[in-house]
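Reading through the structure tokens given below for one structure.
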Amino acid sequence: MPAPIRQLDQATIAQIAAGEVIERPVSVVKELVENSLDAGASLVSVEVVDGGRTSIAVTDNGSGIPRDELALAFARHATSKLLNARDLFAVNTLGFRGEGLASIAAAGVVELTSRLPGAEMGARIEARGITVGAPSSCAAPPGTKVVVRDLFALTPVRREFVKSPRAEFARISTFLSRIALGWPEVAFALRHDGKDVWTLPAVLDGVARLEMVFGAQARGALETLADDDAPARIVVSGYISRPGHDRPNRDGQVFFVNGRLVRAPQLAAAWLAGSGSFAMTGRYPFGMLALELPPEDVDVNVHPTKIEVRFARGNEAFDAVRTAVARTLRLSDPVRSAPAVAFAPAVRADDAEPAAHASHLFADSAAVESAFKERAANERALSFEEAPASNGVRVYGQIDQTFIVGDDADGLFIMDQHAAHERVAYEAILARQGGDEAGAPLLFPPVVELTDDQATVLYENVDALAQAGVVVEPFGEGAFRICSVPAGYEKRRFDLAGVLDDLSADDAAREGTAHRNRVLATIACHSVVRAHEALTLQEQAALYERLRRCDDPHTCPHGRPTMLRIDAASLSKAFGRT
Ligand code: ADP
Ligand code: MG
């Protein structure tokens with residue numbers, strides 16, 4: 001006998017419906033921020049505790065909600081943004097389904113406080129599940145503040161899917177910085193666990209915000225989209241990367257359609273078509289494209305979270321993007337055209353090709369260099385009859401840009417430049433570990449993309465990394481910002497992804513100090529000079545000097561030798577002189 005068909009109760013219906021809209025903490029932020037933008041706010045501030053699991057608060061200075069409508073705002077399918085079904089085909093607000101607040105209340109405990117700009121008092125209301133309290137008067141600034149606590153307390157299964165607070169916070173930060181790109185005239189602020197993470201003042205255009213999303217390297221790589229003078233049904237604006245600045249995936253492609261942050265495969269395809277003849281396969285341009293078109297030309301009601309849209313005249317949208325992209329790239333002759341003023345970066349030292357010339361290789365290379373010069377001068381002053389100084393060392397050069405050849409009091413040596421530098425860095429990091437000077441903050445924190453696996457390893461080792469001076473912050477979907485690196489190595493490119501890959505490949509279970517030292521060794525390995533890197537003679541000599549000063553100069557932290565030696569006796573023997 002099949003079970004009889006029954007009508008579900010209201011609470012269950014609410015949870016099922018909410019499940020589509022509120023998937024994780026960032027979904028709450030999205031619904032609330034969209035409401036704030038719809039309310040005409042010029043300031044939106046988001047405050048998150050514990051990645052959103054403990055609380056999420058969104059405050060705006062928008063139009064507010066009248067006291068007698070507060071309860072209605074939480075009713076499902078109650079909205080001020082649509083009058084009738086006809087409006088559904090010309091939506092010009094971000095929300096319109098009237099289920100944002102209802103869905104949030106189904107997933108957590110909500111307290112909403114609001115005051116109309118003209119009103120004397122504000123009012124507050126609480127909602128939880130399908131229970132909505134009665135509004136009470138209170139003092140409040142003009143605008144609306146919504147606080148959501150105990151998200152998914154009522155839906156433990158959902159809660160299971162919520163990742164670590166850091167991962168959830170990263171999603172929130174990504175979302176907010178991305179939506180901020182499309183709303184430059186609105187100021188945004190983000191706080192996490194009581195600390196300011198970032199603030200974006202209102203600006204006239206989106207330029208100032210691009211770095212937030214794409215990282216400092218994006219400066220100078222982006223071209224302002226050339227917009228057509230002729231009035232068109234579809235206006236395309238934004239910023240796209242110039243040829244040669246592509247990324248390996250589409251994550252760097254941000255789309256807005258009428259102010260709505262959307263996933264738009266059809267526009268991504270048009271973008272690629274427009275840059276087709278310039279781009280390499282498997283590489284994707286990055287940037288932001290914003291389309292403005294008559295609302296009746298877009299169907300926004302195809303997805304519960306409105307993340308996808310459908311175009312009534314798909315070909316027109318495709319062509320508008322393709323031609324705008326193609327025209328922009330044609331106009332941007334990377335050789336002749338000066339970069340747009342807004343992007344013109346002051347020439348910065350760390351923009352130089354990393355490691356191409358390793359002249360910043362050693363923190364104290366200048367000191368060592370002058371000591372070396374001094375000694376070299378002394379040596380030349382010595383007569384042949386006198387014994388060479390016991391620390392007399394000559395460096396002849398590199399073999400295969402990997403092995404440094406020289407001689408010292410003990411004879412000929414061949415030094416593995418990577419292993420040697422690894423040892424030097426390892427001991428330096430070990431010595432400074434945990435201290436105030438362990439890390440050197442980076443003025444322009446580079447943004448790197450990490451895979452989910454790499455991010456997981458990052459979160460597992462975040463404390464050990466911080467001890468060594470490596471501070472990394474989430475910076476959006478899969479992106480992380482390297483805020484500080486081990487002191488003394490800030491001029492070199494820090495290979496965070498490499499560190500994480502090595503750590504995850506190491507499956508030996510280590511604990512405590514052994515684990516920590518393993519992390520330090522891995523950091524050292526990815527902070528230093530590698531094989532096949534050209535070094536000046538001074539740098540080679542400096543490396544030799546610093547290796548000699550190590551406590552354990554003979555091996556790298558992984559146990560490989562740093563140096564091979566052939567002394568004079570062995571040479572004599574090899575040549576049959578004995
Ligand atoms: P929707 O956004 O689809 O209309 P919501 O459930 O998100 O549905 O919000 C319901 C209504 O509550 C909105 O239509 C709006 O009138 C009001 N509202 C919600 N948030 C705000 C806000 N931050 N400022 C002003 N009004 C708001
Ligand atoms: Mg809404």
Side-chain angles (χ1 to χ4, degrees), residues 13-15 17-23 26-47 56-85 87-119 122-130 132-133 135 140-148 175-176 179 183 186-189 258-262 295 299-307 309:
I13 293 173
Q15 289 217 351
E20 289 197 320
V21 182
I22 306 299
E23 218 185 322
V26 68
S27 327
V28 173
V29 174
K30 174 180 183 289
E31 291 299 326
L32 295 180
V33 168
E34 288 188 346
N35 280 348
S36 296
L37 294 172
D38 279 344
S42 61
L43 195 111
V44 177
S45 104
V46 177
E47 176 148 16
I56 296 171
V58 174
T59 310
D60 67 52
N61 62 353
S63 58
I65 307 173
R67 181 190 164 125
D68 59 355
E69 291 182 8
L70 283 178
L72 196 54
F74 282 93
R76 188 163 296 278
H77 311 306
T79 178
S80 58
K81 302 169 192 175
L82 283 189
L83 266 182
N84 52 42
D87 289 352
L88 201 50
F89 301 102
V91 174
N92 48 25
T93 47
L94 299 175
F96 57 88
R97 295 164 63 111
E99 52 187 10
L101 290 177
S103 300
I104 294 171
V109 182
V110 187
E111 184 188 311
L112 187 152
T113 312
S114 194
R115 185 183 132 202
L116 302 187
R124 170 181 301 151
I125 192 165
E126 265 195 41
R128 179 197 177 112
I130 52 170
V132 182
T144 304
K145 174 172 189 174
V146 183
V147 184
V148 182
F175 165 74
L176 202 63
I179 199 165
W183 294 78
V186 177
F188 290 88
N258 290 350
R260 187 186 302 280
L261 185 62
V262 291
D299 185 357
V300 288
N301 192 27
V302 292
H303 193 279
T305 66
K306 300 159 280 184
I307 183 74
V309 294

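Counting starts at 1 for both ligands and their atoms, following the listed order. The first residue of the sequence shown is numbered 1, and numbering continues consecutively from there. Hydrogens, waters and symmetry mates play no part in the numbers below; they use all other heavy atoms, side chains included.
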Check whether any heavy atom of Gly62 sits under 4.0 Å from an atom of ligand 1. no

Please write down residue, atom name and distance for the protein heavy atom closest to atom 2 (O) of ligand 1. Lys81 NZ, 2.7 Å

Nearest non-hydrogen protein atom to atom 22 (C) of ligand 1, with distance, is Thr144 OG1, 3.8 Å

Would Ala78 count as a contact of ligand 1 if the rule is a heavy atom under 4.0 Å away? yes

By number and element, which atoms of ligand 1 are closer than 4.0 Å to a non-hydrogen atom of Ala39? 24 (N), 25 (C)

Part of Leu101 with heavy atoms under 4.0 Å of ligand 1, whether side chain, backbone, both or neither: both

Within the structure provided, determine whether Val309 and Asn258 are in side-chain contact (heavy-atom separation under 4.5 Å). no

Of all the heavy atoms in Glu31, does at least one lie under 4.0 Å from an atom in ligand 1? no

Close N or O approach (Ser63, ligand 1; < 3.5 Å): no

Hey, is the main chain of Gly143 close enough, under 3.5 Å, to the side chain of Asn61 for a donor-acceptor pair? no

Enumerate the atoms of ligand 1 whose separation from the nearest heavy atom of Gly64 is less than 4.0 angstrom. 25 (C), 26 (N)

Is there a side-chain contact between Phe188 and Val33, using heavy atoms and a 4.5 Å cut-off? yes

Please could you name the atoms of ligand 1 that Gly95 approaches to less than 4.0 Å, counting only its heavy atoms? 2 (O), 3 (O)

Could you work out, for atom 18 (N) of ligand 1, the closest of Asp60, Asn35, Ile65 by heavy-atom distance? Ile65

Straight-line distance of Arg76 CZ to Ile130 CD1, nearest 0.5 Å: 10.5 Å

Are any of the side-chain heavy atoms of His77 and Glu99 separated by less than 4.5 Å? yes

From Glu111 atom CD to Ile125 atom CD1, the distance as rounded to the nearest 0.5 Å: 11.0 Å

Considering the options Asn92, Asp87, Asn35, Thr93, which one meets the side-chain hydrogen bond (donor to acceptor under 3.5 Å, both in side chains) requirement together with Lys81? Asn35

Nearest-contact summary for atom 3 (O) of ligand 1 - protein heavy atom, Å: Gly98 N, 2.8 Å

One finds that the ligand 1 atoms under 4.0 Å from a non-hydrogen atom of Ala73 are 6 (O), 10 (C), 12 (O)

Do any N or O atoms from the side chain of Ser114 and from the backbone of Ile65 form a donor-acceptor pair under 3.5 angstrom? yes

Kindly check if the number of other-residue, nucleotide or ligand heavy atoms within 6.0 Å of CZ (Arg67) is above 12? yes

Distance col, row Lys30:NZ vs Leu261:CG, nearest 0.5 angstrom, shows 8.0 Å

Given Leu32, which of Asp60, Leu101, Val147 fulfils the side-chain contact (heavy atoms from CB on, under 4.5 Å) condition? Leu101

Polar protein atoms near the Mg ion (ligand 2) [N, O or S; cut-off under 2.8 Å]: Asn35 OD1

Lys145, NZ atom: more than 12 neighbouring heavy atoms under 6.0 Å: no

Under 4.0 Å, heavy-atom basis, I'd like to know which part of Phe96 is in contact with ligand 1: side chain, backbone, both or neither. backbone

Return the option from Leu116, Leu82, Thr79, Val58 holding the heavy atom at the smallest distance from atom 4 (O) of ligand 1. Thr79

dist Arg115:CZ -> Thr144:OG1 (nearest 0.5 Å) comes out at 11.5 Å

Counting only heavy atoms, tell me which of Ala41, Ser80, Ser36 gets closest to atom 16 (O) of ligand 1. Ser80

For the OG atom of Ser103 and the CD atom of Gln15, what is their distance to the nearest 0.5 Å? 11.0 Å

